[in-house]
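Data first, discussion second: the structure below is written as structure tokens.
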Amino acid sequence: MTHPWDTKWQITENLATGGQGVTKKVSQLDNAGLTGVLKYLKNNKNPQARARMNREVNNLRLLPSLGGLVPNVLDHNTNEFENISTELFVVMNYIEGPTLAEYVKTHGPLSIDESIKIVMSICQTVAVAHEADILHRDLKPDNIILHHGKIDEAYIIDYGLSFNLTNEDITETNETFRNKFLDLPETNTTTANHRDPRSDLTAICAIFYFCLTGFNVGQLQDANGHLAHNRAGHKIQEVQQNDNRVEGIEILLTKGFSVVLANRFQSVSELMVQLKVLYNNEANDEINQFDPVQIAKQKSRILRTKNRKIILKEFEEPASALLNHIQKEHKTNYSSGQLDLFELGRSNMPSMKELTIANKDIVKRDNYWYQMQAKLHEPIVVRNYLVASVEDQCVLIAADASLEKQIPGVFKFESFDEIAWYTGDSTPVFELVAADFRNWIIKAINDLSDMIERLSN
């Protein structure tokens with residue numbers, strides 16, 4: 001039986017067979033020095049698998065141009081994925097080197113610095129992929145190749161389960177993704193959200209844990225509610241005994257392995273900031289043990305990730321700057337008379353007693369408010385901007401409010417929308433805040449107009 005790749009490529013070695021595809025090492029017929037990896041489908045008649053393969057090839061062709069470390073596509077025919085009679089294939093360049101799973105099996109648990117370098121390399125590729133709305137959804141040590149064994153050249157392979165947020169037409173509605181390395185609650189049921197970028201970030205944290213210990217995470221929580229790094233016999237300090245960065249790593253993993261998506265890392269950049277802090281902490285330098293300045297820096301790093309009062313104090317200046325920017329937008333562009341019949345004014349900051357809040361976990365007393373009212377005669381709509389601390393992060397959120405019918409003068413907030421997250425070295429995202437403010441004013445004007453029309457009828 002002939003295959004569409006036979007005219008250009010010769011199979012030289014069997015590599016692997018996965019759930020959907022088969023991979024083999026090949027050489028080019030007219031250039032024996034050019035080696036590649038051939039991939040074809042086990043079930044060529046499956047429309048979902050064919051669409052997924054076409055998506056994978058498109059992603060692999062894009063990501064290297066953006067700086068991602070993924071194999072280059074040398075040859076393919078996946079543009080014919082809708083023609084069932086065509087046997088699909090792709091040939092990618094062969095990346096020399098062990099998988100991360102093989103590397104850790106050979107070398108044992110890696111040092112903290114080695115582990116961070118590997119994970120930072122992975123983060124850089126995932127960052128550009130997420131920027132292009134490409135999710136991997138199956139990151140694990142078997143899908144990472146260390147090019148020539150270099151820990152700072154971690155290539156990500158097998159984008160077969162990847163998802164493009166814009167490709168709704170080839171969505172698989174009943175898929176579940178379970179594997180022994182990492183079993184996430186948002187991906188292992190048919191009704192869960194399989195397309196959340198934060199799942200990739202949790203997988204990166206799981207790879208970090210694997211590098212440090214050699215253990216898989218499996219389910220985020222065991223039967224006793226323990227996260228992977230808190231289980232007896234699998235703890236970080238049991239392997240990395242002589243490095244006092246372990247406490248900082250445990251804090252990072254506690255956030256990364258949270259069962260609740262909203263409590264995990266929200267972006268690749270947020271995770272990378274924490275990894276850089278760990279890498280730059282020269283905890284093993286003997287000088288640090290006797291240097292008050294270095295000891296102070298080390299302890300300050302830990303306190304900044306654990307103590308919310310200290311966190312919020314650190315963010316007081318950018319938080320105030322953001323809220324002042326909203327006030328400036330208000331007074332400069334939307335002052336009295338500029339909105340004709342409509343009035344826009346700042347309300348007094350509400351006390352906690354005046355609020356009925358559905359999401360009580362995110363709103364704390366140590367926060368910064370800016371409340372706006374848009375008014376047309378009696379109807380009033382309200383929007384609140386709030387800077388609050390959420391575990392070891394600060395976040396700018398916004399919430400629309402409605403008057404409680406049962407309690408005059410009391411506002412009810414159903415939910416909060418995230419506008420911007422803060423890390424220690426970030427600056428206020430003024431343009432983003434201004435755009436949100438303008439969009440809310442437009443919505444408020446339309447809503448108030450509709451209210452008046454309904455009352456008039």
Side-chain angles (χ1 to χ4, degrees), residues 1-95 125-139 142-145 155-175 177 194-195 197 200:
M1 178 181 177
T2 60
H3 304 282
W5 57 82
D6 288 340
T7 58
K8 295 182 181 180
W9 303 93
Q10 179 180 5
I11 295 173
T12 60
E13 182 182 342
N14 294 328
L15 294 177
T17 299
Q20 300 288 334
V22 177
T23 57
K24 297 179 182 291
K25 191 173 181 180
V26 294
S27 62
Q28 195 174 46
L29 291 175
D30 58 358
N31 181 6
L34 180 60
T35 59
V37 175
L38 165 70
K39 180 176 180 179
Y40 60 88
L41 296 173
K42 288 199 297 185
N43 182 2
N44 189 63
K45 302 298 183 182
N46 185 324
Q48 290 183 353
R50 293 174 66 87
R52 186 186 292 122
M53 188 172 186
N54 178 61
R55 187 168 68 228
E56 176 184 10
V57 169
N58 288 336
N59 291 340
L60 288 176
R61 295 177 68 190
L62 172 64
L63 290 176
S65 66
L66 301 176
L69 293 182
V70 299
N72 289 309
V73 174
L74 304 177
D75 192 11
H76 77 101
N77 68 345
T78 59
N79 55 309
E80 299 182 45
F81 73 96
E82 293 179 329
N83 182 5
I84 297 293
S85 64
T86 300
E87 186 178 14
L88 298 186
F89 78 96
V90 58
V91 176
M92 302 159 281
N93 71 305
Y94 181 73
I95 308 298
T125 296
V126 172
V128 297
H130 283 191
E131 187 69 23
D133 287 338
I134 299 171
L135 316 181
H136 191 285
R137 303 197 296 173
D138 194 30
L139 291 168
D142 287 323
N143 287 341
I144 307 296
I145 294 180
Y155 275 73
I156 300 177
I157 62 172
D158 196 358
Y159 263 80
L161 288 179
S162 65
F163 183 83
N164 298 69
L165 294 176
T166 56
N167 285 5
E168 294 292 344
D169 57 319
I170 52 176
T171 300
E172 298 84 1
T173 57
N174 293 316
E175 286 183 316
F177 309 109
H194 303 155
R195 309 169 200 141
D200 280 352

Query - Candidate list D75, N31, L74, test side chain to side chain contact (heavy atoms under 4.5 Å, CB included), partner K8, passing option - result: D75
Query - Closest approach of A132 to L66 (non-hydrogen atoms, all atoms of both residues) - result: CB-CD1, 4.0 Å
Report summary line: Between E87 and P4, the two heavy atoms sitting closest are O-CG, 3.2 Å
Query raised in the report: Quick one: ring pair (Phe, Tyr, Trp, His ring centres under 6.0 Å) pairs with a partner in residues 48-75, sequence neighbours left out?
Result: none
Query raised in the report: How long is the span from the CD atom in E13 to the OH atom in Y94, to the nearest 0.5 Å?
Result: 6.0 Å
Query raised in the report: Judged by atom type as modelled, is there a donor-acceptor pair below 3.5 Å linking the side chain of N77 to the main-chain atoms of F89?
Result: yes
Query - Partner of K24 under side chain to side chain contact (heavy atoms under 4.5 Å, CB included), chosen from V37, T12, V91, N14 - result: N14
Report summary line: Nearest heavy-atom approach of A129 to L63 is CA-CD2, 3.7 Å
Query - Close side-chain approach of W9 to L34, heavy-atom, < 4.5 Å - result: yes
Report task. With the side chain counted from C-beta on, respond yes when R50 and I84 share a heavy-atom pair under 4.5 Å apart, and no when they do not. Result -> yes
Query - Closest non-hydrogen atom pair between P71 and P64, with its separation - result: O-CG, 4.4 Å
Report task. Supply the atom-to-atom distance E82 CD to N54 CG, rounded to the nearest 0.5 angstrom. Result -> 8.5 Å
Query raised in the report: About how many Å separate OG1 of T7 and CD of Q10, when rounded to the nearest 0.5 Å?
Result: 12.5 Å
Requested in this report: Over all heavy atoms of both residues, which pair between T125 and V70 is shortest? Give the atoms and the distance, please.
Outcome: CG2-CG1, 4.0 Å
Query - Validation row: I156, L69 side chains within 4.5 angstrom (heavy atoms) - result: no
Report task. For D158 and E56, run side chain to side chain contact (heavy atoms under 4.5 Å, CB included): C-alpha distance rounded to whole Å, both residues' side-chain angles, the deciding distance at 0.1 Å, then the answer. Result -> CA-CA 8 Å; D158 196 358; E56 176 184 10; 4.1 Å; yes
Query raised in the report: Looking only at atom types and distance, does a side-chain atom of D6 sit under 3.5 Å from a main-chain N or O of H3, one as donor and one as acceptor?
Result: yes
Query raised in the report: Just wondering, do L62 and I134 contact through their side chains at under 4.5 Å, heavy atoms?
Result: yes
Query raised in the report: So, do R55 and T78 sit near enough that their side-chain heavy atoms are less than 4.5 Å apart?
Result: no
Requested in this report: Check whether any side-chain N or O of N93 sits under 3.5 Å from a backbone N or O of N72 as a donor-acceptor pair, and report yes or no.
Outcome: yes
Report summary line: Taking every heavy atom of A49 against every heavy atom of N43, the minimum-distance pair comes out as CB-O, 4.5 Å
Requested in this report: Determine whether L139 and V126 make a side-chain contact, defined as any pair of heavy atoms from C-beta on separated by less than 4.5 Å.
Outcome: yes
Query raised in the report: Are H136 and N143 side-chain neighbours, meaning at least one heavy-atom pair lies under 4.5 Å?
Result: yes
Query - Spacing of NZ belonging to K39 relative to CE belonging to M53, to within rounding of 0.5 Å - result: 6.5 Å
Requested in this report: Could you list the residues that satisfy ring pair (Phe, Tyr, Trp, His ring centres under 6.0 Å) with Y40, not counting sequence neighbours?
Outcome: W5
Query - Side-chain touch H130/L135, heavy atoms, less than 4.5 angstrom - result: yes
